[in-house]
Student: 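Just passing along the structure, written as structure tokens.
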Amino acid sequence: MMQSRTHTCNELRIGDAGRKVKIVGWMENIREVSASLAFVVVRDFYGITQVVVETEEMMKVFRDITRESTISVEGTVRERASKNPKLPTGDIEVVPEKLEVLGRCRYNELPFQINRSREADETTRLKYRYLDLRNPEVKNNIILRCGVVAALRASMLEHGFLEITTPILTASSPEGARDYLVPARNHPGKFYALPQAPQQFKQLLMTSGFDRYFQIAPCFRDEDARADRSPGEFYQLDMEMAFANQEDVFAVLEDVLPPIFAKYGKYNIASAAPFRRISFNDAMETYGSDKPDLRIDLTVQDATKVLSGCGFEPFAGNTVKAVVVPDFTQPRKFIDQLCADVEVQASSKPYWFRLDENGELVGGISKFVAEKKDAVTAALGLKPGCFVGLASGKRSAAQKTAGVLRKMLGVSVPGHIDTERYEFCWIVDFPMYEIGEESGELEFCHNPFSMPNGGLEILEKAERHEADPLTITAYQYDLVCNGVELSSGAVRNHDPEIMIKAFELVGLGENDVKAKFPAMYNAFCYGAPPHAGIAPGVDRMVMLLAGEDSIREIIPFPMNKNAQDLMMGAPSEVEPQQLRELHIAPVEKD
RNA sequence: GGCCCAGUAGUUCAGUUGGUUAGAACGCCAGCCUGUCACGCUGGAGGUCGACGGUUCGAGCCCGUUCUGGGUCGCCA
């Protein structure tokens, strides 16, 4: 008896002619050219091979097989009479002698055509993901993902990092995203939580004496989805280094990422190390975003001063930001659509005017600008043909709206973005504190466990009102690529004294630190190394590398926007007995 | 939770000012075709126009409600 197969569907070449072979796979298509001549396409993971049918008996057998059934074909390899140069196996075909149906497809109509599944409705694709994944275009993203993960792992090991797994069932953490909770059967009323990130564990590993840790870590957050954010679960290349500072972390990622982006990316141009560094404040001021897409050549300018008192009501008492596009030739309809799109995304209305070819102010709010024409022209560096988009509001709102304006103009006005490249940058010097919008009180801006720039000294100064706490920055950083936030990281605050002081500034104290992060606080009291780390999102990296706009395209079995797995039917109801064991009362239904 | 967009054949879509029997492409079925490779040609089957209600002599189209999906804001230390 022959083995289950002798060759894959991407293996046979002209040199195999005359050989007895057995191939297996899915019957993708049958092209009947006459009553006794047909071509059958067999597809497996590796590729496709053509089987030629030349007898009426064989034709009868093949005609009874539904497409997408799995079959095995034993036969002889033969040189094709008419070759197909587009196929690796295009020089040969298999003349079948023995045919076996291995798994019959019971339906002659599928929910979608396999080779066009990407055009199908996403709900249908997700429900029949196992069919969707048969499409080589869909499957290739998953293969790419394997390659990227393997390369990341290899590179991290090469850089001396140890891969250490951390618990999936752990304790709920009091801050951050909503947790996924798991009821504890043996502890009525108590719950485990799935980790939002292995943050505390990796810091405890540093305190334990491990020097360089990494993990391709599953993270769970019960937050709503976005096109670039999978609901429920995602993966991070989580890493942490002991006796390390910001520079050490940057050096590792600047060494690890570019070669992988160059090798696996859809585009082969990636920024070289060292990546550009932009302070949070500069990013907001110049790009109107803390995740600027540096492929766009437009920037945001301040127009508050030059437009103050121009008489346009929305500008009165507000910050005004401008995005100038030279040689602008788009029609009015384009501008209206752009403004509508910006308003939707920024939830704030943008304004505009133009300088026409003769240098005359036209359109939009030009009549309010007219009086200050010379000053505005000089301040913004305007030339005939310029379009000026404007955003106003409180400082951060104006920046944000201008950022959306910049991005949309950059993407839709030809010539302002080079999409075929990867542009990395670090966003650094995030503020440590902010005034909470609801409370009006001083609050932590981001991670309360980042090391403040200036250490204990600057915190004590702030306490004595000798320094403005709002100007204190943290050793916290984001890695951004093509406008996508790949990662957040920080130099951690490993000193209990500084930690308590940082909490005291927002009206909390030692007891709060202890209560919220007991293990970490206790551990740091036993001599902790200074440490720093970061956790680039694996899914987002693969999405960038694959050139996909939706994160679901690079996840093998994605959930939909509402965090449902349509294929498995999750989440699902469970038996009342299961709930009783877990001390949970069934939900009363209306 | 707010806002925007979409929902018509198995799939992707078109459907004019509200007007006879709702169309196309692909797929499916049948027939023809001896070198196809997105095979070709001929014919056929296939529709609760997401659901409910309203306006109207008449609704796929207008109005209201609702459901589903996608995008986005909030949220994501």
Student: B:U34 base to A:Glu54 side chain: any donor-acceptor pair below 3.5 Å?
Tutor: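 Side chain to base: no pair below 3.5 Å.
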Student: Which part of the nucleic acid, if any, lies within reach of A:Arg552 when heavy atoms closer than 4.0 Å are counted: base, sugar-phosphate only, or nothing?
Tutor: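 Sugar-phosphate: the residue A:Arg552, judged by heavy atoms under 4.0 Å, touches backbone atoms but no base.
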Student: Whole angstrom is fine here: how far is it from CG in A:Leu37 over to P in B:G40?
Tutor: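 Distance check: A:Leu37 CG to B:G40 P gives 15 Å.
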Student: A:Phe201 and A:Tyr213: aromatic ring centres closer than 6.0 Å?
Tutor: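 No, the ring centres sit 6.0 Å or more apart.
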Student: In whole Å, what separates the P atom of B:A25 from that of B:U21?
Tutor: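 Here B:A25 and B:U21 have their P atoms 23 Å from each other.
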Student: Does A:Gln564 have a side-chain nitrogen or oxygen under 4.0 Å from the phosphate oxygens OP1 or OP2 of B:G69?
Tutor: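 Yes, A:Gln564 has a side-chain N/O under 4.0 Å of OP1/OP2 on B:G69.
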Student: Could you work out the separation of B:G46 and B:A9 based on their C1' atoms and round it to a whole Å?
Tutor: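 Their C1' atoms lie roughly 6 Å apart.
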Student: Rounding to an integer number of angstrom, what distance separates B:A6 and B:G64 when you compare their P atoms?
Tutor: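 Straight-line distance between the two P atoms is 15 Å.
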Student: For a quick check under 3.5 Å, do A:Ser117 and A:Asn135 share a side-chain donor-acceptor pair by atom type?
Tutor: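 Judged by distance alone, the side chains do pair up.
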Student: Choosing from B:G74, B:G35, B:G69, which nucleotide comes nearest the side chain of A:Lys400?
Tutor: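 Between B:G74, B:G35, B:G69, the one nearest the side chain of A:Lys400 would be B:G74.
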Student: Atom CG of A:Asp478 to atom P of B:C76: distance rounded to whole Å?
Tutor: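 Going from A:Asp478 (CG) to B:C76 (P), I get 15 Å.
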Student: When the nearest nucleotide of RNA chain B is assigned to A:Glu122 and to A:His446 on a heavy-atom basis, which residue is associated with the more 5' position?
Tutor: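 Closer to the 5' end of RNA chain B: A:Glu122.
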Student: List the atom of A:Gly410, the atom of A:Ile417, and the distance in Å for their closest heavy-atom pair.
Tutor: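 Closest approach of A:Gly410 to A:Ile417: O-CG2, 3.4 Å.
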Student: Within the structure shown, what part of the strands sits under 4.0 Å from A:Asn562 by heavy-atom distance: base, sugar-phosphate, or nothing?
Tutor: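 Sugar-phosphate: the residue A:Asn562, judged by heavy atoms under 4.0 Å, touches backbone atoms but no base.
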Student: Output the rounded distance in Å from CD1 (A:Ile30) to P (B:G27).
Tutor: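 So the CD1-P distance, A:Ile30 to B:G27, works out to 14 Å.
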Student: Among B:U36, B:G35, B:A38, find the nucleotide with the atom closest to the side chain of A:Lys86.
Tutor: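 Among the listed nucleotides, the one closest to the side chain of A:Lys86 is B:A38.
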Student: For A:Asn29 and B:A38, is the shortest distance between a side-chain N/O and OP1 or OP2 below 4.0 Å?
Tutor: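 Answer is no, no contact under 4.0 Å.
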Student: Considering every strand and a 4.0 Å limit on heavy-atom distances, what is the contact class for A:Thr123: base, sugar-phosphate, or nothing?
Tutor: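 Sugar-phosphate, backbone atoms only, no base.
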Student: Quote, to the nearest angstrom, the P distance that separates B:G69 from B:C28.
Tutor: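 These two P atoms come out 30 Å apart once rounded.
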Student: Rounded off to whole Å, could you give me the CG-to-P distance for the A:Asp224 and B:C3 pair?
Tutor: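 Spelled out: CG on A:Asp224 to P on B:C3 is 15 Å.
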Student: Categorize A:Phe39 for me: base, sugar-phosphate, or nothing, with a 4.0 angstrom heavy-atom threshold over every strand shown.
Tutor: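 Answer is base: heavy atoms of A:Phe39 come under 4.0 Å of a base.
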Student: Please name the nucleotide paired to B:C62 by Watson-Crick or G-U wobble geometry with both distances under 3.5 Å, or report none.
Tutor: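 Base partner found: B:G54.
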Student: For the base of B:G35, is there a side-chain donor-acceptor partner from A:Glu93 under 3.5 Å away?
Tutor: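 Looking at the base of B:G35, it does pair with a donor or acceptor on the side chain of A:Glu93 (distance under 3.5 Å).
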Student: Consider the side chain of A:Arg78, meaning its heavy atoms from C-beta on, and name the nucleotide among B:G74, B:A77, B:G35 that approaches it most closely.
Tutor: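 Closest of the options to the side chain of A:Arg78: B:G35.
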Student: If you compare every side-chain N and O of A:Arg67 against the phosphate oxygens of B:G10 (OP1, OP2), does one of them come in below 4.0 Å?
Tutor: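 Result: no.
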Student: Which of the following nucleotides, B:C39, B:C75, B:C37, is nearest to the side chain of A:Glu223?
Tutor: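 So the nucleotide nearest the side chain must be B:C75.
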Student: Closest to the A:Ser34 side chain: B:U36, B:U34, B:G71?
Tutor: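 That would be B:U34.
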Student: Could you give the distance separating B:C61 and B:A77 at their P atoms, to the nearest angstrom?
Tutor: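 After rounding to an integer number of Å, I get 45 Å for this pair.
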Student: Atom CZ of A:Phe503 and atom P of B:A77: how far apart are they, to the nearest Å?
Tutor: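 For the pair A:Phe503 CZ and B:A77 P, the rounded distance is 15 Å.
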Student: When you compare the side chains of A:Asn108 and A:Arg67, does any donor N or O come within less than 3.5 Å of an acceptor on the partner?
Tutor: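 No, no side-chain donor-acceptor pair sits under 3.5 Å.
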Student: Would the A:Phe430 and A:Phe280 ring centres measure less than 6.0 Å apart?
Tutor: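 For A:Phe430 and A:Phe280, the ring centres are under 6.0 Å apart.
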Student: Is any N or O donor-acceptor pair between the side chain of A:Arg229 and the base of B:C75 shorter than 3.5 Å?
Tutor: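 Side chain to base: pair present.
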Student: Taking the side chain of A:Val33 as heavy atoms from C-beta outward, which of B:G35, B:C76, B:G74 is closest to it?
Tutor: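 Selected nucleotide (nearest to the side chain): B:G35.
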Student: Considering Watson-Crick and G-U wobble pairs with both distances under 3.5 Å, what does B:C37 pair with?
Tutor: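 With both distances under 3.5 Å required, B:C37 matches none.
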Student: Taking N and O atoms by type only, does the side chain of A:Lys561 place a donor or acceptor under 3.5 Å from a partner on the base of B:U72?
Tutor: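 Checked by distance alone, the answer is yes.
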Student: Rounded to the Å, how far apart are A:Asp341 CG and B:C5 C1'?
Tutor: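 Value for this atom pair: 11 Å.
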Student: Give me the distance, rounded to whole Å, that separates B:G54 from B:A59 when you measure between the C1' atoms they each carry.
Tutor: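 The answer is 11 Å between these two C1' atoms.
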Student: Which residue is it: A:Arg43, A:Arg106, A:Arg104? I am looking for the one with a salt bridge (charged side-chain N to carboxylate O under 4.0 Å, His left out) to A:Glu68.
Tutor: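 Going through the options one by one, the only one that passes is A:Arg43.
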Student: Ignoring hydrogens and angles, are the base of B:C33 and the side chain of A:Arg31 linked by a donor-acceptor pair under 3.5 Å?
Tutor: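 It does not, because no donor-acceptor pair links the side chain of A:Arg31 to the base of B:C33 below 3.5 Å.
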Student: Can you give me the closest heavy-atom contact between A:His494 and A:Met451, atom names plus distance?
Tutor: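 Heavy atoms only, the tightest pair is ND1-CE, 3.7 Å.
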Student: Of the nucleotides B:U12, B:U72, B:C37, which one has an atom closest to the side chain of A:Arg226?
Tutor: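 Of the options given, the side chain of A:Arg226 lies nearest B:U72.
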Student: Starting the side chain at C-beta, find the nucleotide from B:C76, B:G69, B:U34 nearest to A:Arg221.
Tutor: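 Of the options given, the side chain of A:Arg221 lies nearest B:C76.
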Student: Would you measure the distance from the C1' atom in B:G60 across to the matching atom in B:U48 and give it in whole Å?
Tutor: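 After rounding to an integer number of Å, I get 12 Å for this pair.
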Student: What pair of heavy atoms forms the shortest contact from A:Phe524 to A:Gln203, and how long is it?
Tutor: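 Between these two residues, the closest heavy atoms are CZ-NE2, 3.6 Å.
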Student: Counting only side-chain N and O atoms of A:Arg80, is one of them less than 4.0 Å from OP1 or OP2 of B:C37?
Tutor: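 Negative; the distance criterion is not met.
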Student: Given atom CZ of A:Arg178 and atom P of B:G74, what is their separation to the nearest angstrom?
Tutor: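 Those two atoms, CZ and P, are 14 Å apart.
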Student: Rounded to whole Å, how long is the line connecting atom CG of A:Asp121 with atom C1' of B:U8?
Tutor: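 These atoms are roughly 14 Å apart.
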Student: For the side chain of A:Ala120, starting at C-beta, report the closest nucleotide among B:G35, B:C75, B:U11.
Tutor: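 When the side chain of A:Ala120 is considered, B:U11 is the closest of B:G35, B:C75, B:U11.
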Student: Take atom C1' in B:G23 and the same atom in B:C63, then report the distance between them in whole Å.
Tutor: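 Straight-line distance between the two C1' atoms is 27 Å.
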Student: Using every non-hydrogen atom in the two residues, find where A:Met559 and A:Gly232 come nearest and quote the distance to one decimal.
Tutor: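 The answer is CE-CA, 4.0 Å.
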Student: Which heavy atom of A:Ala402 sits nearest to which heavy atom of A:Val323, and what is that distance?
Tutor: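 What the structure gives for the nearest pair is O-CG2, 3.7 Å.
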Student: For RNA chain B, find the residues of residues 104-117 of chain A with a heavy-atom distance under 4.0 Å and give them by number; none if there aren't any.
Tutor: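 A:Asn108, A:Glu109, A:Leu110, A:Pro111, A:Gln113, A:Arg116 - these, ordered by number, are the residues of the stretch whose heavy atoms sit under 4.0 Å from the strand.
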Student: I want to know whether A:Phe449 and A:Phe517 have ring centres closer than 6.0 Å.
Tutor: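 Under 6.0 Å, so yes.
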Student: With a 3.5 angstrom cut-off on both distances, give the Watson-Crick or G-U wobble partner of B:G7, or none if there isn't one.
Tutor: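 B:G7 is paired, partner B:C67.
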